[in-house]
Amino acid sequence: MTTSNRGRYLDYWARCETGPICFKKQFDTDVYWKNLTEITKKYNIVYDPNTPVPVDDEVLDRLWNAAVEFVLACGVLCVDTERLIKFTEDEIIEGLANLPTEVVWGEDKDSITIKHRGFEDYDSGKNPVFTVGRLSGPVSQDVYDAVCLGYAKEPLIDIVQFQGAVAEIMGVPIKPSSPFEMLAEMQRTAIVKDVLRRAGRPGFPDQGSTPVTLRAEMCALMAGMRRGDARHAYIMPHMCTDYDQMCRALVWHTAGCSVWSIGEAFIGSIPGGPATSAVNCLAELIVITLLYEPENLGVWADDGLYFSNSSRQALFVNNYAAAAYMKHTCAPSLWGGVAIATAKITSKEYFWEFAAGAISSTVLGLGANGGSGAQSAQVNHVSPLGARFAAEVGRAVGKAKLTRRQANEFLNQIIPKYQPYIDNRTLHTIGGGSFAEAYDLVRVEPKEEYLKIYQEVKDELKQMGLAI
Amino acid sequence: MSKQEEILVKLRNSISNFDRDAAKQTGKEVLENNVDPVAAIRTMAEAINELGRKFESQEIYLPELVMASDAMKSVIKILEPQMLKTGQKMEKLGTVVIGTVKGDIHSLGKDIVGTLLMAAGFDVKDLGVDVSPSRFIEEAEDMSADIIACSALMSTTVSVQKDVIEFLKAQGFRDTYKVLVGGGVVSRDYAEVIGADGYGMTANEAIGVAKKLLGKQ
């Protein structure tokens with residue numbers, strides 16, 4: 001890590017007390033929406049459903065200019081003080097120019113160094129740049145250890161969001177701000193660290209942000225959290241923040257740990273359609289960088305009316321926003337593509353969703369994701385095999401040295417395999433059992449019948465021409 | 001086209017174009033030209049319903065629906081005194097208090113459902129996020145509400161939906177209000193287990209359920 005702007009975020013945070021007053025409703029309609037629609041139109045940003053992976057760099061330049069202008073016009077609303085944090089153009093340009101060019105996640109021999117990577121660059125390290133194991137949503141106590149161990153055992157995963165949430169501790173519901181939430185976080189951290197030791201990866205990075213409150217999250221420090229781990233600080237939907245998020249960035253940076261964050265867009269709701277959502281998502285990446293300077297940053301666009309991270313629209317927003325950010329900064333690679341699947345883990349659709357994400361991410365020089373299914377909403381729909389699959393797809397993309405045009409050809413064959421079920425809002429019902437049915441809980445290995453589904457998708461990818 | 005019809009068309013257009021200033025101006029013209037306020041409100045409700053459909057098909061987006069709802073509310077404010085004088089009443093499907101439960105600050109799903117309920121013709125009070133079970137009940141009492149709608153996104157906050165129902169039972173109000181639940185990890189099964197009256201997987205489903213609960217569908 002070479003340089004950093006972190007000291008400057010204190011100045012930006014202080015603007016919560018001095019910036020122009022702006023009430024939330026006025027912000028949402030008169031400031032946010034008005035500027036977003038006008039600027040998107042001005043720069044002629046349009047949704048191109050047939051090109052989910054950007055191939056035209058001039059489009060990315062226009063998207064970048066639109067997002068910068070939007071940040072300047074809109075600012076970020078601090079909802080606690082109802083004042084705007086405004087930035088100057090110099091602050092944006094100089095801040096981004098002074099970003100670290102590489103970051104380290106994890107510790108000692110389990111650490112990984114993430115550097116900047118260009119599009120279609122397959123010779124500057126492994127492909128994909130990294131793979132995130134997603135472990136989010138409700139997980140039951142009886143399989144918790146096995147689920148975590150399953151992820152820790154996967155050699156192709158570089159970092160895990162160990163974010164499974166149990167519902168109770170000692171039979172008591174875990175409510176935010178209660179001592180039980182603190183106890184649950186201590187228990188979660190202890191299990192994760194024990195599992196990682198057993199897997200021989202004690203310094204492996206954990207980016208699980210499970211509790212709601214910061215004080216519960218901080219309990220991880222008393223239960224074995226390490227400096228190589230990361231916790232979140234968000235921009236709230238959309239272009240909003242509060243003191244709690246700033247406290248999170250302050251705590252984790254001061255503790256010497258990492259901060260992770262996401263540029264979001266809930267397409268179809270507040271940020272409008274895919275074009276305006278892409279501008280929003282990129283703008284959020286920029287302001288997150290200025291306000292929190294996370295070491296671990298990604299994109300997270302979803303369909304706002306049916307929670308799906310893998311739809312054609314969501315892929316468009318994620319891919320264009322992340323690509324424009326990478327093209328115009330020297331930042332270490334973001335994670336992109338599909339973070340969570342909509343289908344249940346025991347379905348072919350689940351693997352297809354991650355295939356679309358991993359192809360997009362790898363060709364754009366981003367990190368890939370895999371693991372969580374069923375919208376992170378159904379109990380135990382988490383699968384280390386999904387993360388392994390995403391990494392394998394990324395490796396195959398790297399070996400084939402796919403161009404962005406070829407990546408689009410693959411995506412245009414893959415997306416139709418699950419998009420109809422997003423359109424009729426049934427994708428979350430597709431598939432069978434959860435982790436307990438998919439995995440042998442004694443050996444913590446996927447069962448034969450589950451491997452068969454995974455293999456079928458790999459075989460079909462081969463038939464499409466990807467040598468996986 | 002008569003002057004009155006002209007004004008109603010203008011009113012409809014102002015709502016369809018999310019134009020609060022034009023709507024307010026036209027609201028004044030409704031009064032000045034003795035246009036039936038109930039017909040004016042019905043016209044606006046039709047325009048809002050159409051926008052609700054357009055929202056679902058992504059022809060318009062949430063900020064626009066919010067602006068249109070605000071425009072309609074501002075006209076109703078202008079027409080209300082006249083309606084009170086003449087003893088006319090607004091047609092509404094029912095009254096809903098809506099919020100995200102205690103401990104949970106996710107507002108998007110709640111905002112969408114609240115706005116669509118309003119567009120469908122419900123009187124809606126949005127309590128915001130991090131709302132305690134007691135506050136849901138107090139506000140429902142104050143508003144003489146028909147429905148309490150509780151949103152929860154997280155596995156650690158869904159149990160507060162159950163608390164709302166238990167608090168209602170403890171206060172002897174369980175039969176006074178219908179309880180509608182929804183949110184990321186909430187399922188139909190869970191809604192049944194906790195004894196909720198209705199569950200919506202999507203915002204549109206929630207609107208249909210709310211209507212059904214009040215026998216309006």
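No hydrogens, no waters, no symmetry mates; every other heavy atom, side chains included, goes into these values. Letters A, B, ... mirror the listed sequences (proteins, then strands); counts begin at 1.
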Residues Ser155(B) and Ala165(A): closest non-hydrogen pair is OG-CB, 3.3 Å
Interface check, chain A: of Val185(B), Val186(B), Asp104(B), Leu65(B), most non-hydrogen pairs under 4.5 Å belong to Val185(B)
A side-chain contact here means heavy atoms from C-beta on lying under 4.5 Å apart; do Gln58(B) and Gln313(A) qualify? yes
Determine the option with the most heavy-atom pairs under 4.5 angstrom with chain B, choosing from Gly268(A), Ser177(A), Pro138(A). Gly268(A)
Derivation of the side chain to side chain contact (heavy atoms under 4.5 Å, CB included) call for Thr156(B) and Glu181(A): CA-CA 9 Å; Thr156(B) 49; Glu181(A) 187 193 30; 5.7 Å; no
Can you say whether Pro237(A) sits under 4.5 Å from chain B via the side chain, the backbone, both, or neither, judging by heavy atoms? neither
Report, as yes or no, whether the 6.0 Å neighbourhood of atom OH on Tyr47(A) holds more than 12 heavy atoms from other residues, nucleotides or ligands. yes
Would Val160(B) and Lys175(A) satisfy side chain to side chain contact (heavy atoms under 4.5 Å, CB included), going step by step from the backbone distance to the final call? CA-CA 8 Å; Val160(B) 184; Lys175(A) 287 185 179 169; 4.2 Å; yes
Heavy-atom proximity to chain B below 4.5 Å, by part of Tyr306(A): side chain
Honestly, the part of Phe55(B) sitting under 4.5 Å from a heavy atom of chain A is both
Output for pair (Ile105(B) CD1, Met236(A) CE), nearest 0.5 Å, gives 5.5 Å
Side chain to side chain contact (heavy atoms under 4.5 Å, CB included) for Leu108(B) and Ile270(A)? Distances and angles first, verdict last. CA-CA 8 Å; Leu108(B) 184 60; Ile270(A) 299 172; 3.4 Å; yes
One thing to verify: whether Arg20(B) and Asp30(A) come together as a salt bridge, which I'm taking to mean a side-chain N less than 4.0 angstrom from a carboxylate O. no
Hey, does Leu305(A) have a side-chain heavy atom less than 4.5 Å from the side chain of Thr202(B)? no
Below 4.5 Å from any heavy atom of chain B, which atoms of Thr37(A) appear? Answer side chain, backbone, both or neither. neither
Need one label for His428(A): side chain, backbone, both or neither, based on atoms under 4.5 Å from any heavy atom in chain B. side chain
Working to the nearest 0.5 Å, report the span between CZ of Phe266(A) and CG of Asp111(B). 12.0 Å
Quick check on Ser269(A) against chain B: is it the side chain, the backbone, both or neither that has a heavy atom closer than 4.5 Å? both
Is it true that, when you exclude Lys77(B) itself, more than 12 heavy atoms of the residues, nucleotides or ligands shown sit nearer than 6.0 Å to its NZ? no
Among Pro63(B), Gly109(B), Gly103(B), which has the most heavy-atom pairs under 4.5 Å with chain A? Pro63(B)
When Glu168(A), His238(A), Arg425(A) are compared by non-hydrogen pairs under 4.5 Å with chain B, the top option: Arg425(A)
I want to check something: taking the side chain as every heavy atom from C-beta on, are Met154(B) and Val212(A) in contact at a cut-off of under 4.5 Å? yes
Residue part contacting chain A, namely of Asp189(B), when any heavy atom lies under 4.5 Å: neither
Given that the side chain runs from C-beta out, which part of Asn204(B) has a heavy atom under 4.5 Å from chain A: side chain, backbone, both or neither? neither
Any chance NZ of Lys216(B) has more than 12 other-residue heavy atoms, nucleotides or ligands included, within less than 6.0 Å? yes
So, taking the atom named CH2 in Trp33(A) and the one named CG in Leu62(B), what distance separates them when rounded to the nearest 0.5 Å? 9.0 Å
Salt bridge (Lys or Arg N to Asp or Glu O under 4.0 Å) assessment of Glu64(B) paired with Lys34(A): CA-CA 10 Å; Glu64(B) 291 163 331; Lys34(A) 187 174 176 289; over 6 Å; no
